[in-house]
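Structure, as structure tokens:
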Amino acid sequence: MPPPDLRSLPWRAPATTTVLLARGSDARSLLHRISTRELADLPAGVARATAFCDYRGRLLHAAHAVGTEDGVLLLRDDAPGADLLAWVDRHVFREDCRVEDLAPRWALRQAWGPAASAWREARGLPVEACAPAGEGAWIVAAGPDLLWIAGEGSVLEPLLGPAAPGGTEEERARIRAARPAHGREVVERFNPYEVGLADRVHLAKGCYTGQEALQRMARYSGVRRQLARVSGPGPPPRPLPLEIRRGEDRGGWLTSGVALDGPTWIGLAVVPRAWAAGGGSIGGAPGQPPWNLELVEAPRPLGRFT
């Protein structure tokens, strides 16, 4: 069966997106020094998921860095670009690096699900790879079943046709895939290990902001919380984030939740790893029905200790 073409994929237009372009002879080396992945050698046509942390290893931003001939695109589909642009700009001193917000004239669309996965696999596109999608547009494999396409609006509209706005189905897909989102799991309260982004952390790539703290956590078993899927009856709890407990033990946070049919709901939480032992029921407040808890398998960080 031939793979679906781009126009047939279920493209959606997220409510908030980041499309930044960093240019200049020092753009790659600067991004390398302030993010958790190896970007100094990022070739054109390659995408790498990375994170930006403070000196304590706390998570500030997550994005995909896409190498182009004239710079590096920074893309994400769940937050506007102003804060990330400001974070990069504050580290520019004498470096030849200029960051431009392309969002006024560029757009980013997302396609979740089996059709997106089939398109990627049929073209031999590994996760974190990218490929040109016509003049002035890039398609990025942002996950096993998640594609992004970024380009000028005047290019995307005739290439893909009109896109429906993203909504509940995309949020369900995100939670099922245990993909953290800005303002939910990607917040300063957590570090990359706690929200399933350890595979965006390179432990031996050279100095970068937060490296020492992230190395200590990994070396000395300092990661005590882990991302989990949570489900329960009725509507999802509000407001979020919500502190949750198991028995008398506290220290967990419900960060995302969306309704399913039933009525039931599913969500994501960051909980102490010890909660996985001795039963999987937790609760948010007295009188609420218990919720089911399933820890998400934690990826390993990249590189080796020096």
So do H32 and Y208 actually touch side chain to side chain, heavy atoms under 4.5 Å?
no
Decide yes or no for L39 and V72: does some side-chain heavy atom of the first lie under 4.5 Å from some side-chain heavy atom of the second?
no
Charged N to carboxylate O under 4.0 angstrom, K205 versus E38?
no
Distance alone, cut at 3.5 Å: any donor-acceptor contact between the side chains of S25 and D96?
yes
Is the closest side-chain heavy-atom distance between S256 and E171 below 4.5 Å?
yes
Distance-only donor-acceptor check, side chains R12 and Q110, under 3.5 Å
no
Applying a strict under-4.5 Å side-chain criterion to I, L, V, M, F, W and Y, I'd like to know whether L85 and W106 cluster together.
no
Hydrophobic cluster identity match, L197 and I175, side-chain contacts under 4.5 Å
yes
Atom of R184, atom of F190 and distance for their closest heavy-atom approach
O-CE1, 4.2 Å
Audit row: R37, E128, salt bridge (charged side-chain N to carboxylate O under 4.0 Å, His left out) steps and yes/no
CA-CA 12 Å; R37 284 292 296 275; E128 289 196 340; 3.1 Å; yes
Verify same cluster id: L21, W138 (apolar side-chain graph, 4.5 Å)
yes
With L84, which of L74, D101, V99 fulfils side-chain contact (heavy atoms from CB on, under 4.5 Å)?
L74
What are the two closest non-hydrogen atoms of Y193 and M217, and how far apart are they?
CE1-CB, 3.7 Å
When you look at D41 and R48, which way does the salt bridge (charged side-chain N to carboxylate O under 4.0 Å, His left out) test go after all the steps?
CA-CA 11 Å; D41 62 346; R48 290 176 184 159; 2.9 Å; yes
Heavy-atom closest contact (P126 atom, A141 atom, distance)
O-CB, 3.5 Å
Any donor-acceptor pair under 3.5 Å linking the side-chain atoms of W148 with those of D77?
yes
Of the non-hydrogen atoms in L293 and A228, which two are nearest, and what is the gap between them?
CD1-CB, 3.3 Å
Is the backbone of L203 close enough, under 3.5 Å, to the side chain of Q215 for a donor and an acceptor to pair up by distance?
yes
Are more than 12 heavy atoms, taken from residues, nucleotides or ligands other than R300, located less than 6.0 Å from that residue's CZ atom?
no
In the structure I gave you, are the side-chain heavy atoms of L31 and V88 within less than 4.5 Å of one another anywhere?
yes
Salt bridge or not between R23 and E69? Use side-chain N to carboxylate O under 4.0 Å.
no
Closest approach of R123 and D5, non-hydrogen atoms and distance?
NH2-CA, 4.5 Å
Work out which heavy atom in A116 is nearest to a heavy atom in L147; give both atom names and the distance.
O-CD1, 3.7 Å
Does this structure show an ion pair linking D54 with R56, if we count only N-O contacts that are shorter than 4.0 Å?
yes
Is E194 paired with R273 through a side-chain N to carboxylate O contact shorter than 4.0 Å?
no
Can you hop from L60 to L20 via hydrophobic side chains spaced under 4.5 Å?
yes
Residue pair T16 / R76, side-chain donor-acceptor N/O under 3.5 Å
no
Pairing of R105 and E100 as salt bridge, 4.0 angstrom limit
yes
Side-chain heavy-atom pair F52, L59 within 4.5 angstrom cut-off
no
Is the W291-W265 ring centre distance short of 6.0 angstrom?
yes
Check whether any side-chain heavy atom of P301 lies under 4.5 Å from a side-chain heavy atom of D199, and answer yes or no.
no
Inspect the surroundings of CZ in R7 and state if more than 12 heavy atoms from other residues, nucleotides or ligands are less than 6.0 Å away.
yes
E188 and R58 ion-paired at < 4.0 Å
no
Report whether L302 and L42 are members of the same hydrophobic cluster (ILVMFWY, side-chain heavy atoms less than 4.5 Å apart, transitive linking).
no
Full working for salt bridge (charged side-chain N to carboxylate O under 4.0 Å, His left out) between R174 and E169
CA-CA 9 Å; R174 180 187 75 82; E169 284 304 317; over 6 Å; no
